[in-house]
Asker: 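One structure, as structure tokens, below. Some questions next.
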Amino acid sequence: MDQPQALTVSELCVQHGREVTLRYPDLHLPAGTQLAVTGPSGTGKTTLLHVLAGLLTPLSGQVQHGDFDLTRASAPRRDQFRRRAVGYVFQDFHLMPGLTAQENVELGVRVTGLKRPGALAEQALTQLGLGHRRHHRPHQLSTGERQRVALARAVAHRPGLLLADEPTAHLDRDRAASAASLLLGTAAELGATLILVTHDPQVAALLPGRLDLTQVGGA
């Protein structure tokens, strides 16, 4: 596991299509910060996560993780950083239907190049209460269980930065609050910085920090 680092965002500007320019506020987030990103659809919440993960290159500005300048790094270095230091929880889980829960998580660990991916996958699933379900495929799991498999895959390599894009969108209110609490607890156990995009005020209220992108605009 790479040690969690402070995250600094400066003068970040992203071109979104030909007509939309998104300008984000400056941020300095110490390691371990938990931040909810809110705002209407089209304000660039998911785009911000993509930039922070190195999946998207901004038009201008800087994203720095500790001493590592993500925006000026080469594509191979950004890929290496993302594999080792970032965990990403997608809204639609993105699980491979033909693989078991264990195999889905293990596949994510293998990409990082860490040793003993099977053991790391099993450990993550067990810690999230799915050790007894690790040989089941996604269609055999409930929505909440699939959400926990996606979380296990994101954290099995113990990243310093955890990004979550509407991770509770497919859950009812009670399960959404429970899943968000699990996500916060897991991030705290890792000492990881957590940035969570959500439309749900109840979920956003669980995080101590808030970034409202209402004024950013864009599509």
Side-chain angles (χ1 to χ4, degrees), residues 1-4 31-36 46 49 53 55 82-200 202-208:
M1 165 181 157
D2 292 347
Q3 288 298 314
T33 297
Q34 297 185 343
L35 181 74
T46 296
L49 294 190
L55 291 166
R82 185 168 54 254
R83 288 194 299 265
R84 293 300 301 268
V86 179
Y88 206 115
V89 183
F90 297 92
Q91 177 177 340
D92 294 318
F93 309 148
H94 289 190
L95 300 177
M96 301 290 288
L99 301 182
T100 65
Q102 166 87 19
E103 290 165 342
N104 266 283
V105 178
E106 188 173 333
L107 181 63
V109 178
R110 287 186 184 280
V111 171
T112 70
L114 293 176
K115 297 179 180 179
R116 301 174 60 245
L120 290 174
E122 182 176 352
Q123 180 183 23
L125 287 166
T126 299
Q127 288 176 337
L128 292 171
L130 285 176
H132 65 299
R133 303 283 279 168
R134 61 192 181 92
H135 296 304
H136 291 69
R137 287 179 169 78
H139 74 275
Q140 298 171 308
L141 302 173
S142 69
T143 301
E145 287 173 332
R146 291 196 298 274
Q147 198 267 355
R148 279 187 282 164
V149 174
L151 176 55
R153 181 184 56 195
V155 303
H157 61 296
R158 302 184 68 82
L161 177 63
L162 187 56
L163 305 175
D165 191 1
E166 295 282 2
T168 64
H170 299 298
L171 305 176
D172 61 35
R173 182 162 292 273
D174 289 341
R175 288 187 175 88
S178 177
S181 295
L182 180 64
L183 186 59
L184 268 66
T186 303
E189 189 273 329
L190 293 174
T193 298
L194 170 64
I195 301 177
L196 186 153
V197 163
T198 184
H199 282 98
D200 188 334
Q202 181 183 12
V203 170
L206 295 174
L207 282 80

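Numbering of residues begins at 1 and proceeds along the displayed sequence. On a predicted model such as this, the values are computed, not experimentally measured, just so you know.
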Asker: Going by heavy atoms in the side chains, are Thr46 and Gln91 under 4.5 Å from each other?
Answerer: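 A side-chain contact is absent here, since even the closest heavy-atom pair is not under 4.5 Å.
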Asker: List the atom of Asn104, the atom of Pro138, and the distance in Å for their closest heavy-atom pair.
Answerer: ND2-CG, 4.1 Å
Asker: Without swapping roles, check the side chain of Glu103 against the backbone of Thr100 for a donor-acceptor pair under 3.5 Å.
Answerer: yes
Asker: How close do His157 and Arg84 get, counting heavy atoms only, and between which atoms?
Answerer: CD2-O, 3.5 Å
Asker: Who passes side-chain hydrogen bond (donor to acceptor under 3.5 Å, both in side chains) against Gln34, sequence neighbours left out?
Answerer: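 side-chain hydrogen bond (donor to acceptor under 3.5 Å, both in side chains) check on Gln34 returns nothing, list empty.
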Asker: Under 3.5 Å, which donor-acceptor pairs do the side chains of residues 146-156 form with other protein atoms, sequence neighbours left out?
Answerer:
{"unit_1": "Arg146", "atom_1": "NH1", "unit_2": "Leu141", "atom_2": "O", "d": "2.7"}
{"unit_1": "Arg146", "atom_1": "NH2", "unit_2": "Thr143", "atom_2": "OG1", "d": "3.3"}
{"unit_1": "Gln147", "atom_1": "NE2", "unit_2": "Pro167", "atom_2": "O", "d": "3.4"}
{"unit_1": "Arg148", "atom_1": "NH1", "unit_2": "Leu128", "atom_2": "O", "d": "3.0"}
{"unit_1": "Arg153", "atom_1": "NH1", "unit_2": "His94", "atom_2": "O", "d": "2.7"}
{"unit_1": "Arg153", "atom_1": "NH2", "unit_2": "Phe93", "atom_2": "O", "d": "2.4"}

Asker: Kindly list each side-chain donor-acceptor pair under 3.5 angstrom involving residues 175-185, sequence neighbours excluded, with atom names and distances?
Answerer:
{"unit_1": "Arg175", "atom_1": "NH1", "unit_2": "Asp172", "atom_2": "OD2", "d": "2.7"}
{"unit_1": "Ser181", "atom_1": "OG", "unit_2": "Ala177", "atom_2": "O", "d": "3.0"}

Asker: How would you list, by chain and number, every residue that makes a salt bridge (charged side-chain N to carboxylate O under 4.0 Å, His left out) with Arg137, sequence neighbours excluded?
Answerer: none
Asker: Which heavy atom of Val109 sits nearest to which heavy atom of Thr112, and what is that distance?
Answerer: O-OG1, 2.6 Å
Asker: Restricting to non-hydrogen atoms, name the atom on Leu55 and the atom on Tyr88 that form the minimum distance, rounded to 0.1 Å.
Answerer: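 Smallest heavy-atom distance, with atoms named: CD1-CE1, 4.2 Å.
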Asker: Tell me every residue that passes salt bridge (charged side-chain N to carboxylate O under 4.0 Å, His left out) with Arg133, counting only those two or more places apart in sequence or in another chain.
Answerer: Glu145
Asker: For Glu122, which residues count as a side-chain contact (heavy atoms from CB on, under 4.5 Å) partner, sequence neighbours excluded?
Answerer: Gln102, Thr126, Arg134
Asker: If every non-hydrogen atom of Ala192 is compared with every non-hydrogen atom of Pro159, which pair is closest and at what distance?
Answerer: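 Minimum heavy-atom separation between Ala192 and Pro159: CB-O, 3.4 Å.
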Asker: Side chain to side chain contact (heavy atoms under 4.5 Å, CB included) between Val89 and Leu163: does it pass, once the steps are laid out?
Answerer: CA-CA 6 Å; Val89 183; Leu163 305 175; over 6 Å; no
Asker: What's the shortest heavy-atom distance between Ala36 and Leu207, and which atoms?
Answerer: N-CD2, 3.6 Å
